[in-house]
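Basis for what follows: all heavy atoms, side chains included, without hydrogens, waters or symmetry-related copies. By convention in this document, chain letters (A, B, ...) are assigned in the order of the sequence lines, proteins followed by strands, and residues within each chain are numbered from 1.
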Number of protein chains: 2
Amino acid sequence: MQQTFSTEQGLAVPVHDLPLLDRVRALILGGDFPPGAPVSEVFLSQEFDVSRTPIREALKQLQHEGLVEIRPKVGTFVREPTRREIVELFQLKESFEGLAAGLLARRGPVREIAVLERNLEESDEAAAAGDAERYAALVHEFHQTIILGADNNKLAEHYGRLMNQLAYHRLVLRTAGHPGRIIASTSEHRTVLEMIKDKDHFGAEAAMRNHVYASSREVLTDSRTRND
Amino acid sequence: MQQTFSTEQGLAVPVHDLPLLDRVRALILGGDFPPGAPVSEVFLSQEFDVSRTPIREALKQLQHEGLVEIRPKVGTFVREPTRREIVELFQLKESFEGLAAGLLARRGPVREIAVLERNLEESDEAAAAGDAERYAALVHEFHQTIILGADNNKLAEHYGRLMNQLAYHRLVLRTAGHPGRIIASTSEHRTVLEMIKDKDHFGAEAAMRNHVYASSREVLTDSRTRND
DNA sequence: AGAGATTATGTTGCATGCATCAGCTCGTCA
DNA sequence: TGACGAGCTGATGCATGCAACATAATCTCT
């Protein structure tokens, strides 16, 4: 198998061009480039002290990820998902995570169950301590554990791409640890875990889909989300 | 069957390099390159009378699609999915198409229903006439109509990538119009359509998933499918 | 003869230069 | 004044050259 490296979103990409790709991504997501802003190859090549060739390759990847739009013979521009795209992506996320939860439940895993149980304990602690950041990290870990535990590399791959696209929406990140969602979220996680422990793959899938749908509603009904 | 649907949709793949990308893909899939065979940039550049630069870009795309494997500083090699990957891809296919059928049922569309009804009529005709090729094309169209009718571009995008990867498995193509599946397949299609007409998105999703699963079993139990 | 070191080779990775093209500026003319 | 068009500018798209590296082949020494 090709040597891959899992980014924080779990996307498997070739290891050899990760540094530059990540740096370009980070630069664009850093906030200095508002949506629609041009991202010229020469600027990036000067910024990172490389030639245009590797920059071009990185931009093509980012285009594939949906972060930028390359208009031939014109230039590359930062692209932010519209609200409609966010809705579409969440529908996919619901489907992906539901599938993963179902597959995991069918496997009847031991290791993952222990990990998830420990995760819920720590989530309760973080919630009690009001540590929103740690809580968000644990939520992320919970979902990630289930995705990887589904034992389906292609699923993890597509899911990684999906999350990359979603991550570009800054508002999604901002509401990730929304206080109002914490109690419900942990409760839903617990339900999902119970279903997995019971090897009820049908119930696990349904529970996970409900959970993801509820989370997405939280983001999409947020007044700060633009309406385009 | 070419990936024309994705080009018409103007998806992630930029239009301007589709010709070269398609030609390279077609060349590799043509059969002259057995799995594991090296695909050097210079060879392709001479073959298509372009420089290595656009070839490199095309190969990167194909790597992303899973057709080739690029080993840094070594070379590019044809890559055929393993049986395990086929299983994984079919699990995803099931999930994608189920989601699409559900979304379409929820929309309660008029146009798609008419198209699908006509498709089933023609499928019956093709089956009666023993025209396996036409039947396979109609099956493809049936699924495609549902995917596009789901009105979710991101879904169509991911589905397109998925089908690209599946298409690389020559055996999948070979069993596409398997005679033993025809009657059952049409019957399952009809069930899916009925659910959509009833706006039963839950039932439509379940029916479609059952159908895709049954189709995948047909391929995966095929003795010709390698067991690696 | 065999094992390790060494050269040879073929490939990629990247830098650079030039042609091409989209979009804009500005001048011209009705 | 306003519209039209030729050039201008900046960017991409691609060709080419060179260096670096992985791998294979060869050589050397024991």
Problem set entry | Distance, rounded to the nearest Å, where Q46(A) contributes CD and dA11(D) contributes C1' | 13 Å
Problem set entry | dC14(D) OP1/OP2 closer than 4.0 Å to side-chain N/O of T53(B) | no
Problem set entry | Criterion salt bridge (charged side-chain N to carboxylate O under 4.0 Å, His left out) on R161(A) and E157(B), from CA distance to verdict | CA-CA 11 Å; R161(A) 260 195 283 274; E157(B) 203 175 297; over 6 Å; no
Seminar exercise, completed: Testing dT12(C), dG13(D), dC14(D) for proximity to the side chain of E57(B), the answer is dC14(D)
Problem set entry | Nearest to side-chain heavy atoms of S40(A), which nucleotide of dC14(C), dG13(C), dA11(D) | dA11(D)
Seminar exercise, completed: To the nearest angstrom, the CD-P distance between Q63(A) and dG13(D) comes to 10 Å
For this session: For the side chain of R56(B), starting at C-beta, report the closest nucleotide among dT20(C), dC14(D), dT12(C).
Result: dT12(C)
Exercise. Quick one: on DNA chain C, does P54(A) or K73(A) contact a more 5' nucleotide (nearest heavy atom)?
Worked result: P54(A)
Exercise. CZ of F77(B) versus P of dT23(D): gap in Å, rounded?
Worked result: 9 Å
Exercise. Could you give the CZ-to-C1' distance, from R71(B) to dG10(C), as a whole number of Å?
Worked result: 14 Å
For this session: Could you tell me whether a side-chain N or O of R83(B) sits under 3.5 Å from a main-chain N or O of L220(B), the two making a donor and an acceptor?
Result: yes
Exercise. Any side-chain heavy atom of E65(A) sitting closer than 4.5 Å to one from L62(A)?
Worked result: yes
Problem set entry | Atom pair distance, as rounded to whole Å: CG in L20(B) and C1' in dA15(D) | 14 Å
Exercise. Side chain of S51(A): nearest nucleotide among dC14(C), dA15(D), dG13(D)?
Worked result: dC14(C)
For this session: List the steps and the verdict of side-chain contact (heavy atoms from CB on, under 4.5 Å) for R25(B) and N164(B).
Result: CA-CA 10 Å; R25(B) 201 194 341 247; N164(B) 265 337; 4.0 Å; yes
Exercise. Reckon R52(B) touches a base, only the sugar-phosphate, or nothing at all at heavy-atom distances under 4.0 Å?
Worked result: base
Seminar exercise, completed: Atom CG of L59(B) and atom P of dC14(D) are separated, to the nearest Å, by 14 Å
Exercise. Between atom CD in E41(A) and atom C1' in dC14(C), what is the gap in whole Å?
Worked result: 14 Å
Exercise. How long is the line joining CD1 of I55(A) and C1' of dT16(C), in whole Å?
Worked result: 15 Å
Exercise. Does N153(B) offer a backbone N or O that forms a donor-acceptor pair with the side chain of E88(A) under 3.5 Å?
Worked result: yes
